Amino acid sequence: MSERAKPNAVFRFFDRLGRLSVAGLEELGRYGTLLVESFYWLIFGHRIGQPVRIGAFFSEMMEIGVRAIGIVGIMAAAIGAMLAIQGIYSLKIFGAEGHVVFGVAFSMVREFAPLITGILVAGRSGSALSARIGTMKINQEIDALEVMGINPVRFLVVPSLLAALIMVPALTFMSMIVGLWAAGAYVNFALGMSLAAFLDQTISILSVNDLLHGLGKSAIFGLLIALIGVVNGFMVKGGAEGVGKATTRAVVQCISAIVVTDMLFALVATL
Amino acid sequence: MSDSKQKPTPPAPQLPTVIEVRDLVTHYGTRQILNGINVDIVQGEIMVIMGGSGSGKSTFLRHLMALQMPTSGTIKILGNDVWDLSQKDLFGLRKKLGVAFQAGALFSSMTVGENIMLPLYEHTKLDRLTMQIMARMKLEVVDLAGFEDLMPSELSGGMVKRAAVARAIIMDPRILFFDEPSAGLDPVVSSQLDDLILRLRDAMGMTICVVTHELESAFKIADRITVLDKGDILFIGTVDELKKHPSERIQNLLNRRSEEAEIDADEYLRRLMGEKLETEGMSR
């Protein structure tokens with residue numbers, strides 16, 4: 001019995017591995033196709049009488065960007081203050097707490113602002129996109145769009161993709177300012193350094209490259225969040241349970257993709 | 001009457017064919033869903049597609065709406081082979097089709113009026129006032145005047161379906177598809193919807209294709225009925241021809257008799273327990 005079971009287990013393992021690999025490749029293909037199709041509609045939609053709706057684009061900008069200002073601001077302030085607290089605590093060992101501005105400025109602008117903004121937008125908008133498109137799919141609303149001669153990618157995906165591409169960097173920029181302000185406020189409280197002096201030092205330390213580094217990767221995060229949310233929404237099968245699963249999957253994938261991309265970006269940028 | 005397993009349906013005289021289906025085959029994986037369907041639907045008729053669960057009628061409807069590509073075979077709608085059309089031409093063709101989905105498929109984020117105006121907004125350059133007037137006209141047709149500012153969630157099941165019909169006819173399509181229009185409705189509302197379908201055919205001259213399993217509704221509205229069974233066409237013809245058809249399977253369908261009921265108890269028990277008993281026997 002056990003002799004027979006062994007090859008079965010091995011066979012099952014490779015069978016499963018093969019299936020997972022094919023499914024993974026298929027999903028990657030979907031991301032690529034959706035991205036290409038989105039740019040196609042964005043550029044050529046007008047020519048075939050199907051332009052991207054400006055109203056939907058602004059509405060998505062409102063949803064993804066403007067409505068996230070509050071939570072992103074609070075989180076950025078908390079992270080900025082936390083960086084200042086930890087920085088002063090560590091540097092005190094060497095008696096160099098006055099140099100805390102270096103650590104705070106670089107980590108906030110290059111790392112924490114894009115990362116925290118990306119993760120928050122993934123939790124808010126990545127899941128919302130996935131749930132919305134998934135629900136539309138099971139309610140046959142996607143089919144309804146197609147039979148009305150309205151391309152669902154042009155109608156649903158492009159406005160979200162474009163909005164995420166613009167609003168995530170915009171939120172990141174705001175996050176940088178709020179985070180640095182909060183850090184400056186703590187440094188002022190802990191070390192007596194004025195906010196103006198903190199700001200002055202920050203500006204002299206940072207270069208345009210640092211800013212572009214943070215904003216550049218936040219644009220990629222925005223693209224990833226929108227793509228992952230949409231693809232998971234389109235892949236929904238079954239009813240409400242399928243929507244729930246897709247939403248969870250979208251958030252997990254978004255956050256994982258953001259962290260891995262962040263690491264790769266840091267690696268490439270510091271080579 | 002045609003007990004047409006694979007023969008093309010002869011179109012009714014003098015009327016042009018608007019939908020022509022030839023040798024339509026569909027597989028889901030290794031499972032064959034449609035086994036070479038041939039149907040012609042002529043202008044101005046109401047064709048009802050019937051069949052039990054798993055007969056392939058929903059898949060067939062998805063093919064007719066050009067939402068799903070078949071494994072093989074051709075579908076010509078208004079003379080165009082739908083799978084040979086360019087994307088632009090397919091969009092053009094779809095403007096001539098209207099669909100009322102089973103659950104309405106209204107966009108929950110838009111009001112009823114915005115739902116109905118959406119095709120106009122996307123495909124025409126009409127000003128908003130004209131679109132609103134047109135939407136109100138269609139809402140009048142489906143007896144929903146004054147409901148344009150409500151959200152779909154504020155409507156009853158029957159009203160959602162009628163709003164979906166209003167959206168489907170806003171572009172004055174030549175062909176209208178209904179997917180299970182009576183499903184989930186009480187008999188009175190269902191009958192009102194049947195009357196609406198007849199009115200659309202008579203007043204607007206539309207060709208209408210209805211997928212349903214409601215016999216009463218089908219008998220009331222159908223000019224012709226296609227009965228699908230396990231991916232084959234069992235019957236195409238008029239209501240009277242269907243009622244008089246000698247086939248036992250058709251009579252079972254009409255009298256809502258299950259073929260399963262005719263299996264004797266021992267056979268049924270063997271079918272239920274067979275696999276388990278065999279397994280147990282082997283393990284002993």
Side-chain angles (χ1 to χ4, degrees), chain A residues 1 4 19 22-23 26 33 36-37 40-41 43-60 62-63 67 128-129 131-156 158-160 233-234 236-237 239-240 243, chain B residues 58 61-68 77 82 85-110 114-125 128 152-153 160 163-165 167-171 173 175-180 209 283:
Chain A
M1 199 67 181
R4 217 187 287 166
R19 280 173 198 278
V22 170
E26 198 183 323
T33 313
V36 171
E37 211 181 323
Y40 169 81
W41 285 110
I43 297 163
F44 300 110
H46 250 289
R47 287 190 198 172
I48 53 172
Q50 297 231 359
V52 173
R53 298 175 310 143
I54 300 295
F57 167 60
F58 281 116
S59 147
E60 286 299 320
M62 191 77 186
E63 192 53 49
R67 294 209 173 107
L129 263 176
R132 193 178 74 201
I133 292 180
T135 309
M136 288 182 81
K137 193 182 171 198
I138 59 170
N139 288 340
Q140 291 188 295
E141 290 172 37
I142 306 278
D143 285 345
L145 280 176
E146 285 205 38
V147 292
M148 281 192 269
I150 301 170
N151 185 284
V153 173
R154 194 261 307 174
F155 189 82
L156 297 171
V158 180
S160 307
F234 276 119
V236 163
K237 280 179 189 158
V243 177
Chain B
S58 294
L61 186 68
R62 286 183 68 80
H63 290 320
L64 292 183
M65 296 187 293
L67 281 177
Q68 190 180 329
I77 297 178
V82 290
L85 292 175
S86 67
Q87 202 170 42
K88 193 178 176 183
D89 291 338
L90 186 59
F91 284 143
L93 176 65
R94 278 178 166 153
K95 289 179 203 169
K96 295 172 190 165
L97 311 179
V99 183
F101 285 93
Q102 187 172 346
L106 296 180
F107 302 110
S108 52
S109 57
M110 299 177 186
E114 286 167 345
N115 263 287
I116 295 165
M117 285 190 289
L118 183 63
L120 293 175
Y121 181 69
E122 288 291 326
H123 298 306
T124 69
K125 289 181 177 158
R128 194 165 175 84
S153 58
V160 165
V165 175
R167 186 178 65 184
I169 60 172
I170 190 75
M171 297 284 286
I175 305 169
L176 195 54
F177 296 100
F178 283 87
D179 187 9
E180 302 279 7
C209 182
S283 63

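For the numbers below, each heavy atom of this structure counts, side chains included, while hydrogens, waters and symmetry mates do not. First the proteins, then the strands, lettered A, B, ... as listed; each starts at 1. Computed from a prediction, not measured in an experiment: that's the story for all the values here.
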* To do: Go through the steps to decide whether B/F107 and A/M136 satisfy the test side-chain contact (heavy atoms from CB on, under 4.5 Å), and finish with yes or no.
  => CA-CA 8 Å; B/F107 302 110; A/M136 288 182 81; 3.6 Å; yes
Interatomic distance, CD@A/E146 vs CZ@B/R62, rounded to 0.5 Å, equals 8.0 Å
Okay, A/R132 and chain B: the region with an atom under 4.5 Å from a heavy atom over there is neither
Note to self: Are more than 12 heavy atoms, taken from residues, nucleotides or ligands other than B/Y121, located less than 6.0 Å from that residue's OH atom?
What the structure shows: no
d(A/M148 CE, B/I170 CD1) to nearest 0.5 Å is 11.0 Å
Of all heavy-atom pairs linking B/R167 and A/A144, the shortest is NH2-CB, 3.6 Å
d(A/N139 CG, B/Q102 CD) to nearest 0.5 Å is 11.5 Å
Interatomic distance, CG@A/N151 vs CG@B/L90, rounded to 0.5 Å, equals 10.5 Å
Rounded to the nearest 0.5 Å, the CD1 atom of A/I150 sits from the CZ atom of B/R94 at a distance of 11.0 Å
Do B/V99 and A/D143 touch side chain to side chain, with heavy atoms closer than 4.5 Å?
no
Note: vs chain A, highest number of non-hydrogen pairs under 4.5 angstrom among B/E122, B/M171, B/K95, B/M65 is B/E122
> Can you find a heavy atom in the side chain of A/V147 that is under 4.5 Å from one in the side chain of B/L67?
Replying inline: yes
